[in-house]
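Nothing fancy with the numbering, it's 1 onward along the sequence.
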Amino acid sequence: GVQDSKNLTDTRARDLAAQVAAAFPNEVVTIMPRRYNELFARMRTVNRMLAWAHARAIEEVLAKTPAATLAVADQFGDESLIQDALERRGTTVRLVQMHRGERDPAVAAASLLARAEFLSRLDQLGRKAGMRLPKGAGAQVDAAGRALVAHRGGDVLDEVAKRHFRNTGRVLAG
């Protein structure tokens with residue numbers, strides 16, 4: 001049942017992620033909104049941030065499986081991004097990157113783990129905010145953002161939103 005997590009319901013993704021986490025060494029690098037905004041201000045590109053996070057996760061999994069010689073990742077930007085991030089961290093492993101990497105079961109499993117963590121953290125942020133925070137980038141996200149800002153002020157977006165996204169601009173614009 002492991003496949004691209006975008007093709008699964010939230011419940012199914014969470015169930016499969018729990019099975020994957022129990023069966024295989026893994027690591028999920030979580031970047032909450034406040035930290036994401038700080039890193040984006042410093043790195044200025046999402047792809048560099050993703051490469052840094054991928055390198056950290058690969059390094060942690062390699063520490064749990066020292067005999068591993070290969071890492072497989074989805075290619076989301078220039079191939080050198082993850083490789084350079086690994087090398088900066090002193091990690092040497094053969095790295096294979098591919099577009100639509102979820103075709104590979106290991107990448108699909110990682111996608112499931114990341115999605116389950118995202119869903120869990122989104123629920124956590126919603127509880128902290130006192131309202132359900134919708135996924136995505138559509139009108140429902142803008143409406144929730146406006147309601148949250150009306151209730152808690154614009155600074156609350158530092159805790160729950162990626163400040164450079166268009167949704168944040170629309171929410172703050174009214």
Side-chain angles (χ1 to χ4, degrees), residues 1-40 43 46-65 68 70-77 81-82 85-86 89 91 93 95-138 140-145 148 156-165 167-168:
V2 171
Q3 58 180 288
D4 185 346
S5 68
K6 293 181 287 295
N7 296 333
L8 300 170
T9 65
D10 291 350
T11 300
R12 184 72 175 138
R14 284 179 167 163
D15 290 346
L16 284 172
Q19 292 175 44
V20 167
F24 300 101
N26 65 84
E27 185 71 25
V28 176
V29 175
T30 303
I31 306 172
M32 297 300 284
R34 180 173 292 284
R35 182 70 174 136
Y36 175 96
N37 292 323
E38 292 167 0
L39 288 170
F40 185 82
M43 294 182 177
V46 172
N47 283 350
R48 284 185 56 214
M49 195 180 327
L50 283 170
W52 169 81
H54 276 69
R56 275 197 54 213
I58 290 168
E59 184 178 54
E60 293 298 323
V61 171
L62 289 172
K64 297 172 188 176
T65 56
L70 173 70
V72 182
D74 189 37
Q75 186 178 342
F76 51 82
L81 288 169
I82 297 176
L86 285 168
R89 297 181 64 81
T91 302
V93 65
L95 176 65
V96 174
Q97 297 177 75
M98 61 182 82
H99 290 289
R100 296 192 181 131
E102 288 86 358
R103 292 173 294 164
D104 184 282
V107 177
S111 171
L112 283 167
L113 293 169
R115 169 118 177 259
E117 184 68 16
F118 164 76
L119 293 168
S120 174
R121 296 301 178 120
L122 187 63
D123 289 347
Q124 178 185 28
L125 285 172
R127 285 190 302 276
K128 198 172 176 182
M131 65 182 292
R132 183 177 109 21
L133 298 175
K135 299 183 305 262
Q140 77 283 4
V141 173
D142 293 352
L148 189 57
V156 72
L157 295 178
D158 291 333
E159 298 297 323
V160 299
K162 296 173 181 174
R163 295 295 299 222
H164 68 95
F165 275 27
N167 289 82
T168 305

Only counting residues at least two apart or in another chain, list the ones meeting salt bridge (charged side-chain N to carboxylate O under 4.0 Å, His left out) with Arg12.
-> none
Interatomic spacing from CG in Asn37 to CG in Leu157 - rounded to 0.5 Å | 9.5 Å
Under 3.5 Å, side-chain donor or acceptor atoms of residues 104-113 against the rest of the protein: list the pairs with distances, not counting sequence neighbours.
from	atom 1	to	atom 2	distance (Å)
Asp104	OD1	Ala106	N	2.8
Ser111	OG	Ser5	OG	2.8

Would you call Lys6 and Arg115 a side-chain contact if the rule is heavy atoms closer than 4.5 Å?
-> no
Which value, rounded to the nearest 0.5 Å, describes the distance between Thr168 atom OG1 and Asp158 atom CG?
-> 9.5 Å
Given Asn47, Leu81, Ile31, the one that forms side-chain contact (heavy atoms from CB on, under 4.5 Å) with Trp52 = Ile31
For the atom pair CD (Glu27) and CD (Glu59), what is the distance rounded to the nearest 0.5 Å?
-> 10.0 Å
Look at the side chain of Asn167 and the backbone N and O of Phe165, then say whether any donor-acceptor pair between them is shorter than 3.5 Å.
-> no
Are any of the side-chain heavy atoms of Phe40 and Arg163 separated by less than 4.5 Å?
-> no
Ignoring hydrogens and geometry, is there a side-chain-to-backbone donor-acceptor pair from Arg35 to Met32 under 3.5 Å?
-> no
Report the C-alpha separation of Leu86 and Ile58 in whole Å, then their side-chain angles, then the decisive distance to 0.1 Å, and conclude whether the side-chain contact (heavy atoms from CB on, under 4.5 Å) test is met.
-> CA-CA 8 Å; Leu86 285 168; Ile58 290 168; 3.9 Å; yes
Check the pair Tyr36 / His164 against side-chain contact (heavy atoms from CB on, under 4.5 Å), numbers first and verdict last.
-> CA-CA 10 Å; Tyr36 175 96; His164 68 95; 2.7 Å; yes
Do Ile82 and Leu95 come close enough that some side-chain heavy atom pair is under 4.5 Å?
-> yes
Any sub-3.5 Å donor-acceptor pair from Glu60's side-chain atoms to Leu62's backbone N or O?
-> no
Do His54 and Gln97 come within less than 4.5 Å of each other through their side chains, counting heavy atoms only?
-> no
Between Lys135 and Leu119, is any pair of side-chain heavy atoms under 4.5 Å apart?
-> yes
Inter-residue atom distance Leu125.CG - Arg132.CZ, 0.5 Å rounding = 13.5 Å
Which value, rounded to the nearest 0.5 Å, describes the distance between Arg121 atom CZ and Leu133 atom CG?
-> 14.5 Å
